Amino acid sequence: MSAKLGIATGRNLPEICRERFSRPTTFGLWIQAEFIAIATDLAEFIGGALGLNLLFGIPLFPAALITGVFSFALLELQRRGYRWLEAGIACLVGIVVVSFGYEVVMARPDGSALLYGLTVPRFAGADSVLLAAGILGATVMPHVIYLHSSLTQHRVTGRNENERRRIFRFEMADILIAMAIAGIINGAMLVMSAGLFFGSGDIVSSIEGAFSRLGDQIGPLASLLFGVGLLASGFSSSSVGTMSGQVVMQGYINRRIPLYLRRLITMLPALAVLGFGLDPSTSLVLSQVVLSFGIPFALIPLIIFCSSRELMGTLVNHRWTTRLAWLIALVIIALNVFLIYQTLTSG
C-alpha cells in the first residue's frame with residue numbers, strides 16, 4: 001500500500017499527512033517517527049558492533065564507531081545512484097540468508113513441532129509477548145513504510161493510469177520478495193535457537209551466549225557464520241534508516257538537513273547506550289519493541305489514504321484489502337496494548 005500510494009500520487013506518506021492532517025497532528029507524527037529512527041539506528045549499531053566484537057574481539061564502543069564508518073560508506077554508494085546502493089545491500093542480505101540458512105540445516109529442527117508452532121500461536125508470559133513484539137518490529141519496520149512511498153518518486157513516474165498500474169505490479173512483486181526474505185531470516189533465527197538450545201535444556205539469554213553455544217554444539221564454522229550474519233545485518237540496515245529519516249523530516253515538516261549530519265545525529269544515542277555499558281542484547285530487543293509500537297502510526301494514515309478514490313484513482317484499495325489492512329492494524333495494536341498490560345501486571 002505504501003508503494004502504491006507513492007505511485008498513485010507522486011508524493012510520499014509524510015507529505016500527504018502534512019497536506020491532509022492538522023499541524024499539531026502532523027508535528028506529533030513527525031516526533032514519534034524521529035524516535036523510531038533513533039530506535040532503528042540503535043538496533044543497527046548494536047547488531048554491527050556485536051558482530052565485530054564476536055568475530056574480532058573489538059570492544060563494543062570502538063566496534064560501534066567502525067559500524068558508523070561503514071554506514072557512511074554505504075551512504076556514499078547512494079550518491080553513485082540507487083542501483084549501487086541496492087546492489088551493496090543485496091550482497092549483505094545474501095550473506096545473512098546463507099549464514100542463518102546453514103545454521104537451520106545444522107540444527108535439524110523437528111518438522112512436526114515446527115509446523116505446530118507456525119500454525120498455533122501462543123504466549124508464555126510477559127517475556128514471550130515482549131519478544132513477539134520485537135520480532136514484529138524487526139520484520140515490519142515502520143520507517144520502511146514511510147520509505148516505500150518515496151522510492152518511486154524520483155526514479156520511475158507513470159504518465160497515465162495504465163503505466164502507474166504496471167509500475168505497481170512490479171513494485172508489489174519486489175516488496176513481496178523482500179518481506180519474504182525478512183520473514184525467513186527472522187524465522188530462521190527462531191528455528192535455529194529452538195532446534196539447538198530448547199531441546200537440550202540450554203538457557204541462552206544473550207547473543208554472546210548463542211555465539212558461544214553454536215561453536216560448542218555445531219562447530220567453529222557455525223559460530224563464525226552467526227557473527228558474519230549479525231555483522232552483515234547491522235551493516236545492510238544502516239543506510240535505510242537514514243534514508244527514511246530524510247523522507248520523514250522532509251515530508252512532515254518540509255525541512256531537510258544534510259544526509260551525513262542526520263546519520264551522525266541518529267547514531268549518537270546508540271553510541272551512548274554502548275558507551276555507558278548497557279546490556280546490548282536487552283537494548284537490541286527493546287529497540288525492536290519500540291519499532292512495533294511505531295507501526296500503527298504509519299499504518300493507520302496509510303490505510304485511510306489508500307482507501308480514498310479521490311486520492312488514489314484506479315489504484316484505490318479493494319474493499320477486502322482495506323478490511324484486511326484494518327484487521328492487521330488492530331491485531332498489532334492489540335499486541336502492543338497486551339504487552340503494556342502484561343508488563344504492568346506481572347510485577
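Please read these numbers as outputs of a predicted model, since none were measured by experiment.
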**S308 side chain to I304 backbone, donor-acceptor under 3.5 Å** = no
**Item:** Candidate list L324, T322, I328, T321, test side chain to side chain contact (heavy atoms under 4.5 Å, CB included), partner I303, passing option
**Value:** T322
**Asked** From T26 OG1 over to N254 CG, what is the distance, rounded to the nearest 0.5 angstrom?
**Response** 11.5 Å
**Complete:** side-chain hydrogen bond (donor to acceptor under 3.5 Å, both in side chains) filter on S292, not counting sequence neighbours, yields N336
**Asked** Who passes salt bridge (charged side-chain N to carboxylate O under 4.0 Å, His left out) against E34, sequence neighbours left out?
**Response** R262
**Asked** Looking only at heavy atoms, what is the nearest atom pair of F61 and L271, with distance?
**Response** CE1-O, 3.4 Å
**Request:** Would you name the heavy atoms of R18 and G251 that are closest together and state the gap between them?
**Result:** NH1-O, 2.6 Å
**P14 and Q250, any side-chain heavy atoms less than 4.5 Å apart** = no
**Request:** Measure from NZ or CZ of R323 to the centre of the six-membered ring of W320 and say whether it is under 6.0 Å with the direction within 45° of the ring axis.
**Result:** yes
**Request:** Using ring-ring contact (aromatic ring centres under 6.0 Å, His included) as the criterion, list what pairs up with F35, not counting sequence neighbours.
**Result:** none
**Request:** Rounded to the nearest 0.5 Å, what's the gap from CG on L268 to CG on L42? Could you check?
**Result:** 12.0 Å
**Fill in**
Heavy-atom closest pair (I175 atom, A3 atom, distance to 0.1 Å) is CD1-CB, 3.5 Å
**Item:** Any donor-acceptor pair under 3.5 Å from S212 side chain to G209 backbone
**Value:** no
**Request:** Take the angle between the ring planes of F226 and F211 and call it parallel below 30°, perpendicular above 60°, tilted in between.
**Result:** tilted
**Asked** Under 3.5 Å, is there a donor-acceptor pair between the side chain of R165 and the main chain of T314?
**Response** yes
**Fill in**
Here the gap from D279 atom CG to L274 atom CG, rounded to the nearest 0.5 Å, amounts to 10.5 Å
**Prompt:** About how many Å separate CD1 of I295 and CD1 of I300, when rounded to the nearest 0.5 Å?
**Reply:** 11.5 Å
**Message:** To the closest 0.5 Å, what do you measure between CZ (F168) and CZ (R164)?
**Reply:** 13.5 Å
**Asked** Is a donor on one side and an acceptor on the other found under 3.5 Å between the side chain of S233 and the backbone of G229?
**Response** no
